[in-house]
There are 2 protein chains.
Amino acid sequence: MFAAQLDLTSASATGMHHRHGDGSSVAEQRLPSATVRRLIAKEHVFCEGDDREQVFQVEEGVIAVYKTLPDGRRQIIDFAYPGDLIGLGVLDEHVLSAQATVPSKVKCLSAAALERIAESDARLALKLYKSVCHELAATRSLLITVGQRSAIERVCAFLVALHRRTAEAESATVDLAMRRSDIADLLGLTIETVSRTLTKLRTMGVIEIAQGGTRVQLCDLARLTDLANE
Amino acid sequence: MFAAQLDLTSASATGMHHRHGDGSSVAEQRLPSATVRRLIAKEHVFCEGDDREQVFQVEEGVIAVYKTLPDGRRQIIDFAYPGDLIGLGVLDEHVLSAQATVPSKVKCLSAAALERIAESDARLALKLYKSVCHELAATRSLLITVGQRSAIERVCAFLVALHRRTAEAESATVDLAMRRSDIADLLGLTIETVSRTLTKLRTMGVIEIAQGGTRVQLCDLARLTDLANE
DNA sequence: CGGCGTTTTGAGATATCTCAATGGGAGTGG
DNA sequence: CCACTCCCATTGAGATATCTCAAAACGCCG
């Protein structure tokens with residue numbers, strides 16, 4: 001449920017989520033100063049086929065990373081939350097598109113600079129490696145959800161993962177910060193099925209939905225985890 | 001359709017540039033000589049939860065990398081073919097299981113040694129990074145297949161990918177080298193649906209099936225690609 | 001207040017699954 | 001060399017989860 005975790009800025013940056021940051025950043029001095037870009041809902045960070053000039057780190061909001069089939073069907077690969085890196089890869093072009101689901105901010109970093117530095121800096125290269133390993137684990141987890149689970153299991157797994165990923169301490173409430181269509185395209189379901197499943201969970205007393213369907217209270221997290229089948 | 005691509009032997013054989021200037025290959029000296037392990041069909045290379053002491057490179061055969069849900073449903077994440085690396089990761093334990101689908105051979109490499117070397121060798125670390133990027137791309141591609149495509153599209157996509165991955169020059173024939181159940185668990189379908197879809201493709205004249213259902217001739221590769229929806 | 005995008009709900013259609021039976025090879029032992 | 005068995009693949013028929021199409025309700029913003 002995260003694109004990549006990487007602490008590129010050292011202790012000087014505050015308010016970041018560092019998950020496996022392990023000390024100061026070597027890249028710090030050499031990376032050109034990063035600019036921040038604001039995005040409105042539905043605005044693209046980049047599109048498939050664009051030159052991969054930059055890598056982005058989410059600062060605020062949610063970015064949906066996705067790919068579309070020729071006929072328009074869309075699979076969301078990942079939602080990127082603050083701290084996550086998007087746009088990493090080995091090619092010159094982006095192979096995925098990335099779009100804000102709500103008003104967001106991203107920090108723009110030079111892809112070339114990052115990779116040039118990594119060529120001589122094992123610490124940074126290893127960090128990139130580990131970040132992508134984490135992203136890979138998240139993608140696998142989604143693959144399992146989409147390949148094997150029923151609609152209700154998928155939605156429960158999504159809610160549990162979202163909670164783990166974004167919940168502030170103690171709070172059993174998650175903010176969806178996206179449309180039903182985004183959840184549907186992540187889970188390989190239709191909007192209607194997502195909606196029906198959510199109301200079924202509400203009827204079962206496992207969740208409560210507020211604020212126009214965007215704020216979800218997880219009343220029975222244990223039950224929810226159980227329904228997700230791990 | 002591949003776990004990870006990495007030429008570890010040439011990395012050391014061709015000599016890498018080291019910042020410490022000792023002139024010889026770090027990887028070469030410190031990677032313990034690799035042993036080769038033979039596996040019979042269905043034998044495991046490693047299981048989820050095992051200590052991640054080694055990383056393996058497939059030499060012969062096919063290895064299914066998978067994860068099972070508590071209730072036994074299984075999602076195959078990837079088939080690893082000769083040259084592919086399996087077992088890379090950031091944790092001390094394997095999070096996936098790996099099992100030969102046919103008699104196979106794997107080269108065993110020390111995970112600790114590999115990662116220790118990568119800590120001081122940016123070239124190797126960057127290779128690991130790029131390998132995992134490729135694996136990530138393959139997993140995403142499967143995710144899209146499983147999340148968005150119909151049964152016939154999934155099977156076509158599988159056949160096309162298998163062909164790209166394993167076909168010798170000019171040959172329009174692929175060797176399945178696995179059971180229907182393996183294909184089903186990769187594509188998120190049932191054995192019966194895979195079987196029915198295959199015979200439908202045969203009826204349509206797009207493929208021919210020989211040798212007890214393991215050898216498939218792709219009579220109309222263009223059509224097959226088309227049916228896969230890219 | 002009106003309009004727009006989104007979500008919810010309903011009812012019927014359908015792709016895929018489930019359960020069950022049949023068939024085919026490959027290997028084994030007589 | 002021929003049964004016999006086992007495992008796997010195929011085929012069929014009915015069940016069902018999810019999708020599709022359609023309408024109504026909601027919430028937000030100008």
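Numbers restart at 1 for each chain; the letters A, B, ... are given by sequence-line order, proteins then strands. Every value quoted in this text rests on a predicted model; they were computed, and no experiment measured them.
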Practice task
Keeping the roles fixed (side chain from A/Thr166, backbone from A/Leu162), state whether a donor-acceptor pair exists under 3.5 Å.
Solution key: yes

Completion exercise
Note: for B/Met178 and A/Thr190 on DNA chain D, the residue whose nearest nucleotide lies more 5' is B/Met178

Exercise for the section: Let me know the distance between CG of A/Asp185 and P of C/dT7, rounded to the nearest Å. Expected result: 12 Å

Completion exercise
Residue set satisfying side-chain contact (heavy atoms from CB on, under 4.5 Å) with B/Thr190, at least two apart, ordered chain then number -> B/Glu192, B/Thr193

Exercise for the section: Please collect all salt bridge (Lys or Arg N to Asp or Glu O under 4.0 Å) contacts where either partner lies in residues 204-230 of chain A, sequence neighbours excluded, each pair once. Expected result: A/Asp175-A/Arg215

Handout entry: Nucleic acid contacts of residues 193-219 of chain A, taken as heavy-atom distances under 4.0 Å to DNA chain C
Key = A/Ser195, A/Arg196, A/Thr199

Exercise for the section: Figure out the CZ/P separation between A/Arg179 and C/dT7, and round it to whole Å. Expected result: 7 Å

Completion exercise
Residues passing the side-chain hydrogen bond (donor to acceptor under 3.5 Å, both in side chains) test with B/Thr145, sequence neighbours excluded, are B/Arg149

Problem - Close side-chain approach of A/Ile63 to A/Phe79, heavy-atom, < 4.5 Å - result: no

Practice task
Take the protein atom CD1 of A/Ile183 and the nucleotide atom P of C/dT6, then report the distance between them rounded to whole Å.
Solution key: 13 Å

Completion exercise
The side-chain hydrogen bond (donor to acceptor under 3.5 Å, both in side chains) partners of B/Arg52 (sequence neighbours excluded) come to B/Glu115

Exercise for the section: Just jot down the ring pair (Phe, Tyr, Trp, His ring centres under 6.0 Å) partners of B/Phe46, sequence neighbours excluded, or say none. Expected result: B/Phe56, B/His94

Handout entry: Range on DNA chain D touched by chain A, heavy atoms, distance below 4.0 Å
Key = D/dT18 to D/dC21

Handout entry: side-chain contact (heavy atoms from CB on, under 4.5 Å) against B/Lys200, all qualifying residues, sequence neighbours excluded
Key = B/Ile152, B/Met204

Handout entry: Results of side-chain contact (heavy atoms from CB on, under 4.5 Å) for B/Ser141 - residues two or more places apart only
Key = none

Fill in the blank from the handout: In short, the helix from C/dC1-D/dG30 to C/dG30-D/dC1 is bent end to end, axes from five pairs each side, to 10°, by 30°

Practice task
Name all pairs fulfilling the ring pair (Phe, Tyr, Trp, His ring centres under 6.0 Å) condition that reach into residues 163-215 of chain B, sequence neighbours left out, sorted by first residue then second.
Solution key: none

Practice task
Identify, with sequence neighbours excluded, every residue that meets side-chain contact (heavy atoms from CB on, under 4.5 Å) alongside B/Glu53.
Solution key: B/Asp51

Fill in the blank from the handout: Result for 5'-nearest mapping on DNA chain D, choosing between A/Ala151 and A/Glu192, is A/Ala151

